[in-house]
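Heads up, the thing below is written out as structure tokens.
What you see is a predicted model, and the numbers here were worked out from it, not measured in a lab. Convention: sequence-line order gives letters A, B, ...; per-chain numbering from 1.
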2 protein chains.
Amino acid sequence: MASKGATPTVSDVAERAGVSFATAARALGGYGYVGAASREKVEAAARELGYRQNDVARALASGSTRTVGLVIGDIENPFFATVSRGLADVLEGEGYTLLLANSDEDAGREARSIAALSSRVDGLVVAPAVSSGDQALRRPDKPLVVFDRTVRGLDVDSVAVDNAAAAGLAVRHLLELGHRRIGVVCAPSTISSTSARLRGYRAELKRAGIEVDDSLIERGPFTRADAHAAALRLLGRDDRPDAIFATENYMTEGVLLAARELGLRIPDDVALVGFDDAEWMPLVDPPVTAVAQPVFEIGQEAGRLLLARLAGETAPSRKVRLAARLVVRESCGAGASARR
Amino acid sequence: MASKGATPTVSDVAERAGVSFATAARALGGYGYVGAASREKVEAAARELGYRQNDVARALASGSTRTVGLVIGDIENPFFATVSRGLADVLEGEGYTLLLANSDEDAGREARSIAALSSRVDGLVVAPAVSSGDQALRRPDKPLVVFDRTVRGLDVDSVAVDNAAAAGLAVRHLLELGHRRIGVVCAPSTISSTSARLRGYRAELKRAGIEVDDSLIERGPFTRADAHAAALRLLGRDDRPDAIFATENYMTEGVLLAARELGLRIPDDVALVGFDDAEWMPLVDPPVTAVAQPVFEIGQEAGRLLLARLAGETAPSRKVRLAARLVVRESCGAGASARR
DNA sequence: CTGAAAGCGCTAACAG
DNA sequence: CTGTTAGCGCTTTCAG
């Protein structure tokens with residue numbers, strides 16, 4: 001109903017309220033002193049005009065946006081979704097809004113997402129797609145915290161699980177149940193979390209006196225389809241492994257699918273332990289044993305770290321390492337009798 | 001290595017390159033005429049100084065951000081994740097960046113997310129949490145497209161599946177397999193898609209000459225835990241239904257879990273048909289029959305609609321309705337013999 | 001408490 | 001092709 005077609009500005013409101021621009025701006029912006037009478041007039045005028053703050057202008061003038069950006073690898077991966085909830089949870093308490101961008105685990109897209117966000121937010125949290133970190137991550141003059149993965153030579157706050165130890169948990173479980181020939185289906189090892197899990201796998205095998213057979217390690221890219229293909233290769237071998245460690249939830253799905261197609265029974269023909277728990281894992285046949293990360297907490301912790309920086313903390317960077325735990329179900333042969 | 005501590009601006013680059021501010025701005029901004037020599041000097045200076053565009057300033061000055069915002073109900077719900085990929089897919093082709101915000105299916109949060117985004121983007125796509133639509137949605141002077149749900153009295157472009165018809169598909173399947181007493185576990189019917197699915201359920205029952213028993217309809221809020229509780233109530237009755245229609249993927253998980261806990265076999269003791277397919281559904285025991293929406297396409301279509309508006313299209317609002325299809329697996333009793 | 005005025009960093013006319 | 005000069009809408013001194 002405003003006379004002008006365009007969105008009303010502070011000046012419009014000021015004029016209508018019969019106060020100076022500065023007073024209207026203060027009342028509308030919620031800063032500085034404003035008398036009760038003026039405030040009322042301004043608020044009424046704003047309501048009548050349908051005034052709405054222009055965040056872009058505010059950001060340019062004040063240099064702060066009260067929002068933080070999150071760049072994730074794959075929005076369809078529940079891991080990232082849950083991290084984002086943990087992060088939002090902590091941020092909201094401080095009045096920050098969270099904006100997300102997806103990188104599809106692609107370095108180029110990641111760089112663009114970071115660029116798109118970095119001038120629009122006060123701080124950034126990122127799960128870097130490549131451990132060798134392009135320029136994109138090095139430059140931001142905004143506070144940055146990385147999670148799940150690390151980047152060589154990038155000294156910033158980070159949150160993650162001890163991936164090598166967590167992988168060890170999974171492999172040891174397999175070993176204890178008598179499996180010796182353990183294959184792995186994993187994401188590309190350019191992702192630092194993947195390579196750490198692989199390291200844990202190797203270490204655990206070594207500790208058990210088993211020689212690592214690299215041909216048993218299948219590296220797919222990221223999709224379920226890739227994991228599926230990799231699992232098919234591994235399980236189709238004459239000398240197929242008697243157990244598989246899937247380093248990520250998509251990989252677990254791929255192995256499950258491949259086993260089903262090949263008519264292989266789990267855990268009798270081949271055992272399976274996954275990394276990353278999922279809601280559906282107790283529901284499949286057989287229920288899947290997997291390493292569970294404290295996902296929500298990872299997001300929360302990242303949020304706390306970032307908030308501290310935004311508040312001006314200047315201490316040296318912190319590396320927060322959370323513990324993962326093994327959720328034993330039936331896909332490795334343990335507890336099968338406990339089935340309901 | 002810039003002399004000043006702060007991020008270099010166009011003026012800094014111009015000065016260093018020995019050209020005027022405007023020339024540097026043009027070279028850096030990629031608009032207007034710039035001679036090859038000047039361009040080179042500017043680019044060199046920019047590189048040396050580590051110049052980076054300030055998108056906020058650019059947005060304020062140009063009135064355009066080249067980004068669109070997506071407000072979803074629950075980032076952990078794969079439905080939204082996939083829609084967002086479809087949307088990003090279309091948008092990227094036109095050089096737009098996608099920014100996401102989560103509403104947690106809460107009206108207040110939704111309003112805040114919309115507010116946070118709307119002055120930072122050129123257009124918005126939203127899955128409205130409430131069908132009665134607050135002011136938040138009515139005001140934006142930016143192009144808006146809604147998906148999955150509709151809002152009474154809000155005349156904007158929208159994309160969705162024909163929910164009533166799709167629900168009919170699911171219920172008819174159950175009916176054809178001889179199930180008569182069909183319960184439903186659903187989300188709150190304030191969500192327009194849920195109420196449409198319920199409408200489809202009722203219509204199909206009526207068509208089969210079966211009276212609708214409202215006590216067989218359990219409405220939970222949104223979480224898996226709620227769905228789980230609702231399913232427990234329904235399946236715990238003495239006169240428990242012989243089939244259940246779950247109107248959403250979380251609901252399906254809840255029913256599966258409840259049945260397992262109650263020691264009920266699917267489909268023998270109770271049949272189950274879900275709405276929304278998921279990657280794990282073929283993997284559970286038994287594989288779940290469900291209505292599959294063309295999720296990625298919904299995102300793409302929303303993107304196309306929005307792009308058209310951004311390009312200035314001014315035609316009356318369009319309602320795109322996509323078809324869903326039933327994916328028959330084994331949880332209703334059909335095809336059980338086809339099991340591998 | 002209120003007003004005037006100077007930018008934030010960039011785009012966009014408008015002259016040269 | 002290049003330079004000058006207004007703003008975009010708001011925050012922020014600095015005087016009153």
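In this structure, of dG3(D), dT2(D), dG9(C), it is dG9(C) that holds the atom nearest to the side chain of L60(B). Nearest to the side chain of R58(B), among dG3(D), dA5(C), dC10(C), sits dC10(C). Minimum atom distance to the side chain of Y51(A) is reached by dC10(D), of the listed dA12(C), dC10(D), dT12(D). Residue F21(B) has its side chain nearest to dC10(C) when only dC10(C), dA4(C), dT11(D) are considered. Side-chain proximity of N54(B) to the nucleotides dG3(D), dC10(C), dG3(C) is greatest for dC10(C). The nucleotide whose nearest atom lies closest to any side-chain atom of S38(A) is, among dA13(C), dT2(C), dC10(C), dT2(C). Nearest to the side-chain atoms of V10(B) among the listed nucleotides dG9(D), dG3(C), dC10(C) stands dC10(C).
As a whole-Å value, the separation of L28(A) CG from dG3(C) C1' is 16 Å. With rounding to whole Å, Y33(B) atom OH is found 17 Å from dG3(D) atom C1'. Atom CG of D55(A) is separated from atom P of dC8(D) by 18 Å (rounded to the nearest Å). In this structure, L49(A) atom CG and dG9(D) atom P are separated by 14 Å, rounded to whole Å. Here the P atom of nucleotide dG3(C) and the NZ atom of K41(A) are 8 Å apart, to the nearest Å. Following rounding to the nearest Å, Y31(B) (OH) and dG3(D) (C1') show an atom-to-atom distance of 12 Å.
Here the CG-CG distance, from D104(A) to D74(A), works out to 6.5 Å after rounding to the nearest 0.5 Å.
Contact annotation: the side chain of V68(A) approaches that of L310(A) to within less than 4.5 Å [non-hydrogen atoms, C-beta and beyond]. Contact annotation: the side chain of V83(A) never approaches that of V125(A) to less than 4.5 Å [non-hydrogen atoms, C-beta and beyond]. In this structure the side chain of I298(B) reaches within 4.5 angstrom of the side chain of F79(B), judged on heavy atoms. Inter-residue side-chain proximity for D12(A) and Y51(A) is flagged as unmet; no heavy-atom pair is nearer than 4.5 Å. V159(B) is listed as a side-chain neighbour of L322(B), based on a closest heavy-atom distance under 4.5 Å.
Contacts of V34(B) with the nucleic acid, taken as non-hydrogen atoms under 4.0 Å apart, involve only primed sugar atoms and P, OP1 or OP2. Here G35(A) lies in heavy-atom contact (under 4.0 Å) with sugar-phosphate atoms only.
Of the two residues near DNA chain D, S62(B) and T23(B), the one whose nearest nucleotide lies more 5' is T23(B). Map A57(B) and A24(A) each onto its nearest nucleotide of DNA chain C; the residue landing nearer the 5' end is A24(A). Nearer the 5' end of DNA chain D, as judged by each residue's closest nucleotide, is the contact made by V19(B), out of V19(B) and A61(B).
Rounded to 10°, the helix from dC1(C)-dG16(D) to dG16(C)-dC1(D) has 40° between the axis fitted to its first five pairs and the one fitted to its last five.
Contact of R26(B) with dG3(D) (side chain to base): a donor-acceptor pair of N or O atoms is detected under 3.5 Å.
The cationic group of R26(B) does not satisfy the cation-pi geometry with Y31(B), failing either the under 6.0 Å distance to the six-membered ring centre or the 45° limit from the ring axis.
Ion pairing between a basic and an acidic side chain is recognised when a charged N comes within 4.0 Å of a carboxylate O; R149(A) and E105(A) show such pairing.
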